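Because the structure is a prediction, the values reported are computed rather than measured. Keep in mind that the numbers below use all heavy atoms, side chains included, and drop hydrogens, waters and symmetry copies.
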Amino acid sequence: MNTPTNTDDYIDSRDIIERIEELSELIDGEGCEDTCADYQEEYNALQAFAKQFEDYAEDYQYGAQAIRSTYFEQAMDEMVDDCYDLPEIPCFMTITLDYDMLMSDYSAIDFDGVTYYVR
C-alpha cells in the first residue's frame, strides 16, 4: 500500500482507511520503539484528514475521492468527457465549464497544508 501524499491528484478514502489500519497494527506491535514516533506522526495526520474526509464525503467508507485543488479543473473536464456526449462544434467555438459553480458542490478539506475537494 502506498501512503497517500500531499502531491497526489486524487486520494481514495479506502487507501486512507487501509493505511490507518496498517499504522495502528505497527504502533501496537512489538519492537516498535525505534520507529513508533514516525508511525505515530503519520497516523495522527491521517486520522485528522480521515475525520474531515468522512464528515464531508457520504461514501467515505466505500470509496470516495478527494481531488487536489490544483487538479480540480482537469478532473472536472475528465468527468464531463466521461459522462456526456457533447456535440461537435465548429473549430472557432469552445465550451467553457464554470469551475466555480462546479466547486460549489464540493467541500474543501486540508491534508498536510494542501487543499482537496470532496463530496
Side-chain angles (χ1 to χ4, degrees):
M1 146 83 211
N2 291 333
T3 301
T5 67
N6 67 3
T7 60
D8 292 339
D9 291 331
Y10 286 102
I11 297 178
D12 190 295
S13 61
R14 293 167 293 192
D15 292 338
I16 299 293
I17 293 167
E18 184 178 335
R19 184 61 180 159
I20 287 172
E21 289 171 1
E22 287 175 1
L23 290 168
S24 179
E25 290 173 11
L26 289 169
I27 292 167
D28 294 339
E30 293 181 30
C32 176
E33 295 79 26
D34 296 337
T35 56
C36 271
D38 292 337
Y39 291 149
Q40 189 67 51
E41 186 177 326
E42 181 183 355
Y43 178 83
N44 291 343
L46 287 176
Q47 281 286 81
F49 182 61
K51 173 72 173 106
Q52 290 181 81
F53 204 156
E54 191 170 18
D55 285 348
Y56 293 107
E58 193 172 299
D59 291 332
Y60 176 81
Q61 293 294 327
Y62 309 104
Q65 300 291 313
I67 305 167
R68 185 181 175 92
S69 61
T70 57
Y71 187 73
F72 187 81
E73 290 183 12
Q74 185 175 342
M76 294 301 101
D77 290 342
E78 291 171 4
M79 179 195 66
V80 168
D81 287 343
D82 290 344
C83 295
Y84 301 100
D85 188 23
L86 298 175
E88 293 270 336
I89 60 171
C91 63
F92 60 88
M93 298 177 80
T94 60
I95 295 174
T96 303
L97 299 177
D98 185 345
Y99 298 108
D100 290 334
M101 182 59 73
L102 289 168
M103 196 177 288
S104 69
D105 285 342
Y106 289 77
S107 297
I109 60 175
D110 179 75
F111 178 49
D112 197 23
V114 177
T115 301
Y116 284 83
Y117 291 98
V118 299
R119 64 177 185 159

Would you call [X] and [Y] a side-chain contact if the rule is heavy atoms closer than 4.5 Å?
X	Y	result
Ile17	Tyr60	yes
Leu86	Val80	yes
Glu78	Gln74	yes
Phe49	Ile11	yes

Measure the spacing between [atom1] of [X] and [atom2] of [Y] and express it to the nearest 0.5 Å.
X	Y	atom1	atom2	result
Leu23	Asp28	CG	CG	10.5 Å
Ile109	Tyr116	CD1	OH	9.0 Å
Glu22	Asp15	CD	CG	9.5 Å
Glu21	Leu46	CD	CG	12.0 Å
Ile20	Glu25	CD1	CD	12.5 Å
Met76	Met79	CE	CE	5.0 Å

Pairwise side-chain hydrogen bond (donor to acceptor under 3.5 Å, both in side chains) hits with a residue in residues 96-105, at least two apart
Asp77-Tyr99
Look only at the side chain of Thr115 and the backbone of Ser69, and say whether a donor-acceptor pair between them is shorter than 3.5 Å.
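No.
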Side chains of Asp110 and Gln52: donor-acceptor distance under 3.5 Å anywhere?
no
Considering residues at least two apart in sequence or located in another chain, which fulfil the ring pair (Phe, Tyr, Trp, His ring centres under 6.0 Å) criterion with Tyr56?
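Listed in chain order: nothing, the list is empty.
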Tell me every residue that passes ring pair (Phe, Tyr, Trp, His ring centres under 6.0 Å) with Tyr10, counting only those two or more places apart in sequence or in another chain.
Tyr71
Test side chain to side chain donor-acceptor pair (under 3.5 Å) applied to Gln40 - qualifying residues, sequence neighbours left out:
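For Gln40 the side chain to side chain donor-acceptor pair (under 3.5 Å) partners, ignoring immediate neighbours, are Asn44.
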Could you walk me through whether Asp9 and Ile67 pass side chain to side chain contact (heavy atoms under 4.5 Å, CB included), step by step?
CA-CA 6 Å; Asp9 291 331; Ile67 305 167; over 6 Å; no
To check you understand the geometry: which heavy-atom pair defines the closest contact between Gly63 and Ser13, and what is its length?
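Here Gly63 and Ser13 meet closest at CA-OG, 3.4 Å.
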Looking at every heavy atom in both Arg14 and Gln61, which two are closest together, and how far apart are they?
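In terms of heavy atoms, the two residues are closest at CG-O, 4.5 Å.
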Going by salt bridge (charged side-chain N to carboxylate O under 4.0 Å, His left out), name the pairs with one or both residues in residues 46-58, residues two or more places apart or in two chains.
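Every pair satisfying salt bridge (charged side-chain N to carboxylate O under 4.0 Å, His left out) with a residue in residues 46-58: Lys51-Asp55.
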Using the ring pair (Phe, Tyr, Trp, His ring centres under 6.0 Å) rule, collect all pairs that involve residues 72-97, keeping only residues at least two apart or in two chains.
Phe72-Tyr106, Phe72-Tyr117
ILVMFWY network linking Tyr43 to Phe53, side-chain heavy atoms under 4.5 angstrom:
yes
Is Tyr62 reachable from Val118 through a run of I, L, V, M, F, W or Y residues, each pair having side-chain heavy atoms under 4.5 Å apart?
no
